[in-house]
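Have a look at the structure below before the remarks.
Letters A, B, ... mirror the listed sequences (proteins, then strands); counts begin at 1.
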Amino acid sequence: MSDSAVSPAPVASDFIRDLIADDLAAGRNEGWVITRFPPEPNGYLHIGHAKSICLNFGLALEHGPKARCHLRFDDTNPTKEETEYVDSIQEDVRWLGFDWGDHLYYASDYFEKLYGFAEQLIGKGLAYVDEQSAEAIRANRGTLTTPGVNSPFRDRSVEESLALFRKMRAGEVAEGVMILRAKIDMASPNMNMRDPVLYRVLKAAHHRTGDAWCLYPMYDYAHPLSDALEGITHSLCTLEFEHHRPLYEWLIQNVEGLPGQPYQREFARLSLTYTVMSKRKLLRLVKEGHVQGWDDPRMPTISGLRRRGYTPASIRHFCRMIGLTKFNSLTDVAVLEHAVREDLNANALRALVVLKPLKVVIENYPEDQVEFIEAVNNPENEAAGTRQMPLCREIYIDQDDFMEVPPSGYHRLKPGGEVRLRYGFCIRCQEVVKDASGQVVEVRCTYDEATRHGVQPEGRPKVKGIIHWVSARHAVPVAVRLYDRLFTEEQPEVAAGEDGDFVTLINPGSLTNVEGAMAEPALAEAVVGGHYQFERLGYFYVDPKDSHPGKPVFNRTVGLKDSWAKVVAKQQGTKG
RNA sequence: UACUCCGUGGUGUAAUGGUAACACAGCUGAUUUUGGUUCAGCUAUUCUAGGUUCGAGUCCUAGCGGGGUAGCCA
């Protein structure tokens, strides 16, 4: 599909872009715009991260050549981070079409410099080593409505704090015994300013620095300083960091020798209907086996969406459509589905596949005859060409395309009725064959030679129904998985309530393994990663994990819009 | 009963003191060898109350509603 690199297409303005325009107009940062995408490598990226990626990397593209976006791993907590995640994050960002060039960084690269800055702060009397227990610190922090109280260690000498801090680094202090705190204001209405923790002892191996350190900086400390060290101009994060901003600015102001003066602005994170987005909840879905992994096609992860058949262009388009504000909104997943349909409609090759085969015998068609019918590969793109599909006396149609007693408005095959075979001629149902249980097992039809493809006999009423089919003798069996929304509720967490559990709201029909689907023969050759539109059914993607040469497995990315299904649903609704 | 951010159609966004617009969703109709696509159209909006102003979605005040915040997580 349109997986090509991102073009710096015009993007609608938003409050962040307005801010940057103001900075540029005021001549700040010598006209540079340097952003960063700073994930912690503790999980897989999801569609919410894509919003941030498109923002930060998009900004760099829009403001080139004096602009760039860094990829920085915020790896300050060795107990949660793994190389596996570092790799998957890079893969996902690249897949989305973005490039950080030489600007791949790790907060852990700055551990030494960060340590030096901490000694500087201690020297200035702006940080101290606290020996209170974690419980005491919590108790003395106060509450949202009451101020905290100063630590008894708050006014210890600079020399003493420095000596203790060096012991912490040297590994002479056990975990939880001492921490380094900024000396700000224990009565601040902003909890983040009540002498926030800057460093803690963690005797854990780090995925990059190994055992070199047992003293690790906190996010609040490492983040602004890392930004400054890299020359970041605009540090963009989500709303929950809003009240970390004063601390961010405090550090930028009070640490001397920083090469840059970044500032932080916050935007609303993405929420989508019918899914959950927090890493903790996604992890639970994986761990408890509700899905088959981080890249299960039902997951809102980048890897899940990729396996589902979403294209990078469709995700970028989606991110452009949803905008950027500070409002905690809930985006309808239909917007995402629309984005991928738009891309796939223009680019996916068409194919005929029968999900639930029903045998049709064309009685007046010669037993030993085979003909080839020309079918267009993509009506939206003539350059995609055509292909030849075999047709013979026995074909399969979908069970959904035949009804003995159809509702009004039904255009498909029914006793005595006529439909057109897609790209082929019209057939009329003459007889229905049933098994002992009354189940229709075969439909016997006759075809009308005068209705061949492209031929419209004078005065003949137009057949309304056009159905897909495959030649019984030539069709190939394929594995098909139909995916639907993971949850039955728009907002699973909200619907579950305080005492409830969101996993109980998992859609039991979120995955349907279709047995016995039959495809036109060309699909046996479908290559991994290919996108198809199965006509009248939806868009399908050749699963990269489970497909084998000659034995493709198709994942349904999204169904086609189905206005008939709506009519049926409405009829059933009015009937009660 | 703290601080802080945010309230524009059903949903998401735009309008930078001057005709409230776009997209998604929904609904009509036309076209169509995909009940797809495309095209045309319809429905529907500024949280409330004051104030400033010739003029307020936008500025001010108050209220109401929602989010966030008391990790040695990020």
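- Taking the six-membered ring where tryptophan is involved, the planes of A/His49 and A/Phe37 are perpendicular, since the angle between them exceeds 60° and thus also 30°.
- As rounded to whole Å, 17 Å separates atom P of B/rA70 from atom CG of A/Asp185.
- Taking side-chain N and O atoms only, A/Arg536 has no distance below 4.0 Å to OP1 or OP2 of B/rU33.
- You'll find that the side chain of A/Thr145 is closest to B/rA2, out of B/rC6, B/rG36, B/rA2.
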All N/O contacts under 3.5 Å from nucleotides 9-16 of chain B to the protein, with atom names and distances to one decimal?
{"residue": "B/rU11", "atom": "O3'", "partner": "A/Leu330", "partner atom": "O", "Å": "3.2"}
{"residue": "B/rU11", "atom": "O2'", "partner": "A/Leu330", "partner atom": "O", "Å": "3.1"}
{"residue": "B/rG12", "atom": "OP1", "partner": "A/Leu330", "partner atom": "N", "Å": "3.0"}
{"residue": "B/rG12", "atom": "O3'", "partner": "A/Ser329", "partner atom": "OG", "Å": "3.1"}
{"residue": "B/rG12", "atom": "O2'", "partner": "A/Ile322", "partner atom": "O", "Å": "3.0"}
{"residue": "B/rU13", "atom": "OP1", "partner": "A/Thr325", "partner atom": "OG1", "Å": "3.1"}
{"residue": "B/rU13", "atom": "OP1", "partner": "A/Ser329", "partner atom": "OG", "Å": "3.4"}
{"residue": "B/rU16", "atom": "O4", "partner": "A/Asp18", "partner atom": "OD1", "Å": "3.0"}
{"residue": "B/rU16", "atom": "O4", "partner": "A/Asp18", "partner atom": "OD2", "Å": "2.9"}

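- A/Tyr128 meets the ring pair (Phe, Tyr, Trp, His ring centres under 6.0 Å) test with no other residue; sequence neighbours excluded.
- Atom name P, nucleotides B/rU58 and B/rU48: the rounded distance is 10 Å, in whole Å.
- The side-chain contact (heavy atoms from CB on, under 4.5 Å) search around A/Pro152 returns A/Gln132, not counting sequence neighbours.
- Scanning for side chain to side chain donor-acceptor pair (under 3.5 Å) contacts around A/His207 gives A/Asp75, with sequence neighbours left out.
- Residue A/Arg422 places its side chain closer to B/rU33 than to any other of B/rC72, B/rU33, B/rG36.
- Going from the C1' atom of B/rC5 to that of B/rA44 covers 29 Å, rounded to whole Å.
- Looking at the side chain of A/Asn345, the nearest of the listed nucleotides B/rC24, B/rC6, B/rU37 is B/rU37.
- Across the P atoms, B/rU16 and B/rA74 are found 41 Å apart, a figure rounded to whole Å.
- A heavy atom closer than 4.0 Å to some atom of RNA chain B occurs in A/Lys462, A/Ile466, these being the qualifying members of residues 462-470 of chain A.
- Checked against A/Asp195 for a side-chain hydrogen bond (donor to acceptor under 3.5 Å, both in side chains), the options A/Arg154, A/Lys183, A/Arg181 give a single hit: A/Arg154.
- Summarising the geometry, the separation between CG on A/Asn377 and P on B/rU37 is reported as 20 Å, rounded to the nearest angstrom.
- For B/rG35, the base is stacked against the aromatic ring of A/His411, per a cut-off of 5.5 Å between centres and 30° between planes.
- Applying the ring pair (Phe, Tyr, Trp, His ring centres under 6.0 Å) rule to A/Trp250 yields no partners; only residues at least two apart in sequence or on another chain are considered.
- Nucleotide B/rA74 holds its C1' atom 13 Å from the CG atom of A/Leu202, rounded to whole Å.
- Judged by atom type and distance alone, A/Glu242 does not reach the base of B/rU69 through any side-chain donor-acceptor pair under 3.5 Å.
- A/Phe241 has its ring centre no less than 6.0 Å from the ring centre of A/Tyr248.
- Glycosidic conformation of B/rG71: syn, with the torsion inside 90° of 0.
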> If you write RNA chain B from 5' to 3' in dot-bracket form, with Watson-Crick or G-U pairs under 3.5 Å, [ ] for crossing pairs and | for pairs with another strand, what do you get?
Replying inline: .((((((..((((....[..)))).(((((.......)))))....(((((..]....))))))))))).....
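- Sequence neighbours left out, the pairs with a member in residues 141-150 of chain A that pass side-chain hydrogen bond (donor to acceptor under 3.5 Å, both in side chains) are A/Thr143-A/Thr145, A/Thr143-A/Thr146.
- For A/Asn77, the listed nucleotide lying nearest its side chain is B/rA74; candidates were B/rA74, B/rU34, B/rC27.
- Considering only side-chain atoms of A/Val197, the nucleotide from B/rC72, B/rU33, B/rG67 that sits closest is B/rC72.
- Listed nucleotides: B/rG36, B/rG67, B/rC72. Nearest to the side chain of A/Ile137: B/rC72.
- Here the P atom of nucleotide B/rU34 and the CD atom of A/Glu535 are 8 Å apart, to the nearest Å.
- Of the candidates B/rC27, B/rU34, B/rA74, the closest approach to any side-chain atom of A/Pro379 belongs to B/rU34.
- In this structure, A/Gln388 has no side chain to side chain donor-acceptor pair (under 3.5 Å) partners at least two apart in sequence or on a different chain.
- Nucleotide B/rU33 holds its P atom 16 Å from the CZ atom of A/Arg350, rounded to whole Å.
- With B/rA70, B/rG36, B/rG35 as the candidates, the nucleotide lying closest to the side chain of A/Thr143 is B/rA70.
- With sequence neighbours excluded, the residues that form a ring pair (Phe, Tyr, Trp, His ring centres under 6.0 Å) with A/Phe165 are A/Tyr115, A/Tyr199.
- Residues meeting the side-chain contact (heavy atoms from CB on, under 4.5 Å) test with A/Glu493, sequence neighbours left out: A/Val276, A/Lys281.
- Checking side-chain atoms of A/Arg420 against main-chain N and O of A/Thr451 turns up a donor-acceptor pair under 3.5 Å.
- Of the listed nucleotides (B/rC3, B/rA70, B/rA25), B/rA70 has the atom at the smallest distance from the side chain of A/Arg141.
- The gap from the P atom of B/rA23 to that of B/rA14 amounts to 15 Å, rounded to the nearest Å.
- Rounded to a whole Å, the OH atom of A/Tyr106 is 17 Å from the C1' atom of B/rA74.
- Atom C1' of nucleotide B/rU4 and atom CD of A/Glu240 are separated by 14 Å, given to the nearest angstrom.
- Contact check, A/Lys326 against B/rU4: no side-chain N or O comes under 4.0 Å of OP1 or OP2.
- Residue A/Arg320 contributes atom CZ, which lies 20 Å from atom P of B/rC22 at whole-angstrom precision.
- A donor-acceptor contact under 3.5 Å is not formed by the side chain of A/Arg138 with the base of B/rG71.
- Remark: ring of A/Tyr219 not stacked against base of B/rA74; the cut-offs of centroid gap under 5.5 Å and plane tilt under 30° are not jointly satisfied.
- Spacing between B/rC59 and B/rA15 at atom P, rounded to whole Å, works out to 13 Å.
- Comparing A/Glu81 and A/Leu421 by the nucleotide of RNA chain B whose heavy atom lies nearest to each, the residue mapping closer to the 5' end is A/Leu421.
- Of all nucleotides listed (B/rG36, B/rA74, B/rC24), B/rG36 comes nearest to the side chain of A/Glu380.
- For A/Asp448 (side chain) and A/Ala450 (main-chain N/O), a donor-acceptor pair under 3.5 Å exists by modelled atom type.
- With sequence neighbours left out, the side chain to side chain donor-acceptor pair (under 3.5 Å) criterion links A/His46 to no other residue.
- Contact annotation: A/Lys566 does not reach the phosphate of B/rG35 (side-chain N/O to OP1 or OP2, under 4.0 Å).
- If you find the closest nucleotide of RNA chain B to A/Asp74 and to A/Met191, the one lying nearer the 5' end belongs to A/Met191.
- Residue A/His338 has a polar side-chain atom (N or O) positioned under 4.0 Å from OP1 or OP2 of B/rC24.
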